[in-house]
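This one's a predicted model, so the numbers in the text were calculated from it and none came from an experiment. Throughout, protein chains are lettered first and strands after them, A, B, ... in sequence-line order, and every chain is numbered starting at 1.
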2 protein chains.
Amino acid sequence: MLISEFAKATELPVDTIRFYISKGLLKPQRSAKGGSNPYQLFSPEDVTAARMIRLQQTLGYSLREIQALNDAYRAGESSPARTVEILQTQIARLEERKAALDAALSFLRGKVNWIKAGKPDTAPRLEDYRC
Amino acid sequence: MLISEFAKATELPVDTIRFYISKGLLKPQRSAKGGSNPYQLFSPEDVTAARMIRLQQTLGYSLREIQALNDAYRAGESSPARTVEILQTQIARLEERKAALDAALSFLRGKVNWIKAGKPDTAPRLEDYRC
DNA sequence: CTTGACCATGGAGTATGGTCAATACTTATA
DNA sequence: TATAAGTATTGACCATACTCCATGGTCAAG
């Protein structure tokens, strides 16, 4: 399929697809057509690859990491043990972020309670926010 | 104090301080000294303001939001009820992020279990990662 | 009064993940 | 065959949060 059809299949903007190609995340074939600048031909596997990229993004990987991960995978540098290792590294990263988020949340909740209970008719001052 | 002392007091790089000033997040006074380009003079309140900014960043606010928040605060557009409202909005935002993080984490953990239990001697394929 | 340390400004560069626009070529349709 | 629609490439631009650099002015010590 051509890029516009691929865009519909993946629900990605054409510009984003071209951006991914420029970054080496997608590597469609080139058709014989198109003279100079031959057209890019996308396969169903490319659709799968694009969905994989979006999934990996939701899993917290950067495009750079996704490229490295998928290139290594395509090169056959992959095994169940290695995959588990990679996944657990990411689990640890996300848990760190979650802990930071939890700390922020408990701070914010503490402030809400402090304001509600403390001095309800005094505007809180900057100083009240100190850690 | 001058900017280098302020940098030590806040543990912020001088460049970052200048960046914050350029964005209107810090508004130090100008000394009479310095001819054209008078020197910037920082007060203890500026140190507090800088710490406040860093705290707000850890609470998930962008610099743009911090500026709006603090400008409104300085303008006296602040009340306990409004502050609670703002804090609760941020709590809701962070909870959304946390939910996304939790979804990613359970996906990753599920994959780890799937690989460990499933077909231990088969390299996982791209297709196995689909949602 | 010179030298070095410190200060200010403006603009460029970095990283991330796109988004848009200009130009030029090709293909399909009428 | 002319015209519209689709395609490729290049490079600019957006937002976020810095970081670095070149230039030039200023201040304090010797």
Side-chain angles (χ1 to χ4, degrees), chain A residues 1-43 46 49-70 90 93 97 100, chain B residues 1-43 46 49-70 90 93 97 100:
Chain A
M1 67 186 88
L2 294 179
I3 199 167
S4 60
E5 195 183 343
F6 183 69
K8 276 172 202 157
T10 58
E11 292 172 55
L12 291 174
V14 168
D15 278 336
T16 300
I17 295 164
R18 293 218 172 94
F19 175 72
Y20 287 171
I21 294 167
S22 77
K23 293 286 176 182
L25 287 162
L26 290 172
K27 306 180 205 287
Q29 284 191 315
R30 292 289 177 155
S31 77
K33 292 188 171 180
S36 63
N37 298 346
Y39 292 174
Q40 296 169 125
L41 284 182
F42 299 83
S43 66
D46 290 322
R51 293 208 182 113
M52 179 68 189
I53 290 166
R54 295 311 253 195
L55 170 59
Q56 286 170 302
Q57 281 190 305
T58 72
L59 295 179
Y61 290 103
S62 69
L63 293 185
R64 182 177 299 268
E65 289 169 327
I66 292 169
Q67 191 195 0
L69 245 31
N70 295 0
Q90 188 64 2
R93 274 178 31 174
R97 287 192 213 168
Chain B
M1 65 186 90
L2 295 178
I3 198 167
S4 61
E5 197 184 341
F6 184 68
K8 276 171 201 156
T10 58
E11 293 172 58
L12 290 175
V14 169
D15 277 334
T16 301
I17 295 163
R18 293 219 172 94
F19 175 71
Y20 287 171
I21 294 167
S22 77
K23 293 285 176 183
L25 286 161
L26 291 172
K27 309 182 205 284
Q29 284 192 315
R30 293 289 178 152
S31 76
K33 292 188 173 180
S36 63
N37 298 347
Y39 293 175
Q40 296 168 126
L41 284 182
F42 299 84
S43 65
D46 290 322
R51 292 209 183 111
M52 179 67 190
I53 290 166
R54 296 310 255 195
L55 170 60
Q56 286 169 302
Q57 282 191 305
T58 72
L59 296 180
Y61 290 103
S62 69
L63 294 186
R64 182 176 299 268
E65 289 169 328
I66 292 169
Q67 192 196 0
L69 245 30
N70 295 0
Q90 187 65 1
R93 272 176 36 173
R97 287 191 213 169

Donor-acceptor under 3.5 Å (B:Gln67 side chain, B:Lys23 main chain):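 The answer is yes, because a donor-acceptor pair under 3.5 Å joins these two groups.
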State the [atom1]-[atom2] distance between [X] and [Y], to the nearest 0.5 angstrom.
{"X": "A:Phe42", "Y": "A:Ile21", "atom1": "CZ", "atom2": "CD1", "result": "4.0 Å"}
{"X": "A:Glu5", "Y": "A:Leu41", "atom1": "CD", "atom2": "CG", "result": "10.5 Å"}
{"X": "B:Arg30", "Y": "B:Gln40", "atom1": "CZ", "atom2": "CD", "result": "4.0 Å"}

Is there a side-chain contact between B:Thr16 and the phosphate of D:dT19, meaning an N or O under 4.0 Å from OP1 or OP2?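 Yes, because at least one side-chain N or O of B:Thr16 sits under 4.0 Å from OP1 or OP2 of D:dT19.
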Would you please confirm or rule out a distance under 4.0 Å between OP1 or OP2 of C:dG17 and any side-chain N or O of A:Tyr20? no
Exercise answer: donor-acceptor pairs, residues 56-64 of chain A side-chain atoms, under 3.5 Å, sequence neighbours excluded:
from    : atom 1 : to      : atom 2 : distance (Å)
A:Gln56 : OE1    : A:Asn70 : ND2    : 3.1
A:Gln56 : NE2    : A:Asn70 : OD1    : 2.9
A:Gln57 : OE1    : A:Arg54 : NH1    : 3.1
A:Thr58 : OG1    : A:Leu55 : O      : 2.7
A:Ser62 : OG     : A:Glu65 : N      : 3.2
A:Ser62 : OG     : A:Glu65 : OE1    : 3.4

Can you measure [X] atom [atom1] to [N] atom [atom2] for me and round it to whole angstrom units?
{"X": "B:Leu63", "N": "D:dA15", "atom1": "CG", "atom2": "C1'", "result": "12 Å"}
{"X": "B:Asp15", "N": "D:dC21", "atom1": "CG", "atom2": "P", "result": "9 Å"}
{"X": "B:Phe6", "N": "C:dC6", "atom1": "CZ", "atom2": "P", "result": "18 Å"}
{"X": "A:Arg64", "N": "C:dA15", "atom1": "CZ", "atom2": "P", "result": "7 Å"}
{"X": "A:Phe19", "N": "D:dC13", "atom1": "CZ", "atom2": "C1'", "result": "13 Å"}
{"X": "A:Glu65", "N": "C:dA15", "atom1": "CD", "atom2": "C1'", "result": "13 Å"}

Polar atom pairs (N or O), protein with nucleotides 6-11 of chain D, under 3.5 Å:
from  : atom 1 : to      : atom 2 : distance (Å)
D:dG6 : N2     : A:Tyr39 : OH     : 3.2
D:dT7 : OP1    : A:Ser4  : OG     : 3.3
D:dT7 : OP2    : A:Ser4  : OG     : 3.3
D:dA8 : OP1    : A:Gln40 : N      : 2.4
D:dA8 : OP1    : A:Gln40 : NE2    : 3.4
D:dA8 : OP2    : A:Arg18 : NH2    : 3.1
D:dA8 : OP2    : A:Gln40 : NE2    : 3.4
D:dT9 : OP1    : A:Arg30 : NH2    : 3.2

What is the minimum heavy-atom distance between B:Ser4 and B:Val14, and which atoms define it? CA-CG2, 4.5 Å
Do you know the tightest heavy-atom contact between B:Ile17 and B:Phe6? CD1-CD2, 3.6 Å
Show the distances under 3.5 angstrom between N or O atoms of the protein and N or O atoms of nucleotides 12-14 of chain C.
none

